[in-house]
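The next block holds one structure in the form of C-alpha cells; read it before the comments.
If you read the sequence from its start, that first residue is 1, and numbering goes on from there.
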Amino acid sequence: MECERISTSNRALINAFIKQHWYTTTMIIRGKEIDMTGVEGFFFRNGSSIVGLVTYIIYDNVLEITSLDSLRPNQGIGGRLLDAVIQEAEEKGLQKIVLITTNDNINAIRFYQKRGFDMVRLFRNAMDIARKLKPEIPFIGENSIPLRHEIEFERIV
C-alpha cells in the first residue's frame, strides 16, 4: 500500500469515510467546530476502500492532527500515517504537532506516548461542551468508559 495525500480528486471518498467513522463531517476540538471537508491529510487504501486516514490543520506554526483512524490495527498503518504527518511538519518548518484525544481512548493514549508525544493539558468535562455542538457524540466511549474529557498531546518538531 502507498501513502496518498488528500486531494480534490479523492475528497469525496475522504469525506464519506469521515462521515462514516465520526458521525458527521464536523469535528469538535476544544469546543470549536472543525469542517473536516477541508482538512489536509494522508491515507492508505486497499482497492477503493480506505484502511487508514490522518487529517490535520496548520495554524500559528503548529500542525494539529484532527483525526487518525486505522481500520487494520497492529499492521503499522497508524504509525506510517503519523510518520507522514511528522515529515510534513518538518518539511514546512513547523514548531510542534498537537492533537486532542478523549479520556476513553486508551489505545490512542498509548500510541502517541510511544511515539514521542507528551500529555500537556487536560480539558475537564470538555465533552459536555462538545455535545452541545454535536449531539451525536456518545456518553459512553471505548471500553465502556464514560466519555468526559479531552487530553492534549504535543510533540516538538
Side-chain angles (χ1 to χ4, degrees), residues 1-8 10-11 14-15 17-18 21-45 50-134 137 141-143 145 147-157:
M1 284 184 293
E2 186 177 318
C3 188
E4 299 179 55
R5 183 180 291 275
I6 295 175
S7 67
T8 54
N10 55 42
R11 178 56 72 180
I14 298 299
N15 291 349
F17 180 90
I18 291 169
H21 293 275
W22 293 96
Y23 310 110
T24 69
T25 56
T26 299
M27 188 76 67
I28 309 299
I29 299 175
R30 289 184 309 277
K32 295 181 183 171
E33 292 186 28
I34 309 265
D35 178 4
M36 297 292 285
T37 64
V39 294
E40 299 180 65
F42 301 96
F43 67 101
F44 286 100
R45 68 172 129 188
I50 294 176
V51 295
L53 170 69
V54 64
T55 62
Y56 61 87
I57 55 176
I58 295 175
Y59 58 89
D60 299 334
N61 221 12
V62 172
L63 185 151
E64 181 165 7
I65 296 172
T66 53
S67 71
L68 192 151
D69 295 286
S70 175
L71 303 186
R72 294 185 178 172
N74 304 312
Q75 292 189 15
I77 292 171
R80 288 174 61 195
L81 288 167
L82 190 57
D83 289 345
V85 166
I86 293 167
Q87 182 176 343
E88 181 85 349
E90 289 171 347
E91 289 174 2
K92 291 186 180 289
L94 303 176
Q95 290 179 336
K96 63 183 173 179
I97 301 168
V98 299
L99 64 100
I100 294 284
T101 192
T102 50
N103 64 286
D104 68 314
N105 198 341
I106 295 166
N107 290 332
I109 292 167
R110 179 182 63 240
F111 175 83
Y112 289 114
Q113 288 183 93
K114 286 174 69 174
R115 287 160 179 82
F117 285 77
D118 208 8
M119 278 188 234
V120 292
R121 285 179 198 81
L122 172 69
F123 298 95
R124 289 183 49 88
N125 300 313
M127 300 315 293
D128 292 341
I129 296 165
R131 282 189 195 92
K132 290 177 183 173
L133 299 169
K134 186 176 175 180
I137 298 172
E142 293 181 23
N143 303 298
I145 297 172
L147 187 50
R148 294 185 181 138
H149 316 298
E150 290 179 336
I151 303 166
E152 184 175 339
F153 284 83
E154 77 174 21
R155 176 177 165 157
I156 304 302
V157 179

(request) For Ile151 and Asn103, work out which heavy atoms get closest and say how close. (result) CD1-CA, 4.0 Å
(message) Could you check whether atom CZ of Arg148 has more than 12 heavy atoms from other residues, nucleotides or ligands sitting under 6.0 Å from it?
(response) no
(request) Considering non-hydrogen atoms only, spot the tightest contact between Asp104 and Asn143 and give its length. (result) O-ND2, 3.9 Å
(request) For the residue pair Arg115 and Ile86, establish whether any side-chain heavy-atom pair is separated by less than 4.5 Å. (result) no
(request) Give a yes or no on this: more than 12 heavy atoms of other residues, nucleotides or ligands lie within 6.0 Å of atom CG of Asp35. (result) yes
(message) With rounding to the nearest 0.5 angstrom, report the CD to OG1 distance, Glu152 to Thr101.
(response) 12.0 Å
(message) In the structure I gave you, are the side-chain heavy atoms of Glu33 and Lys134 within less than 4.5 Å of one another anywhere?
(response) no
(message) I'd like to check His21 versus Leu53 (side-chain heavy atoms, cut-off strictly below 4.5 Å). Are they in contact?
(response) no
(message) Using 30° and 60° as the class boundaries, would you call the ring planes of Phe117 and Tyr112 parallel, tilted or perpendicular?
(response) perpendicular
(message) To check you understand the geometry: which heavy-atom pair defines the closest contact between Ile50 and Leu71, and what is its length?
(response) O-CD1, 3.4 Å
(message) Is it true that, when you exclude Asn125 itself, more than 12 heavy atoms of the residues, nucleotides or ligands shown sit nearer than 6.0 Å to its CG?
(response) yes
(request) Measure the CG-OG1 distance between Asn15 and Thr25 for me, rounded to the nearest 0.5 Å. (result) 6.5 Å
(message) Looking at every heavy atom in both Ile77 and Gly52, which two are closest together, and how far apart are they?
(response) CG2-CA, 3.8 Å
(message) Are the side chains of Leu147 and Arg131 in contact, using a 4.5 Å heavy-atom criterion?
(response) yes
(message) If you define the side chain from C-beta out and look only at heavy atoms, does anything of Arg30 sit under 4.5 Å from Arg121?
(response) no
(message) Minimum heavy-atom separation for Trp22 and Met27, please, with both atom names.
(response) CD2-CE, 3.5 Å
(message) What I want to find out is whether Glu4 reaches Arg45 closely enough, with some N-O distance under 4.0 Å, to be called a salt bridge.
(response) yes
(request) Test Met127 against every option in His149, Glu150, Lys132 by the side-chain contact (heavy atoms from CB on, under 4.5 Å) rule and name the one that passes. (result) Glu150
(request) Measure across Phe42 and Leu81 and return the closest heavy-atom pair with its distance rounded to 0.1 Å. (result) O-CD2, 3.6 Å
(message) Using modelled atom types and a 3.5 Å cut-off, is there a donor and acceptor pairing between side-chain atoms of Gln113 and backbone atoms of Ile109?
(response) yes
(message) Is there a side-chain contact between Arg11 and Ile6 in this structure, where contact means two heavy atoms from C-beta onward sitting under 4.5 Å apart?
(response) yes
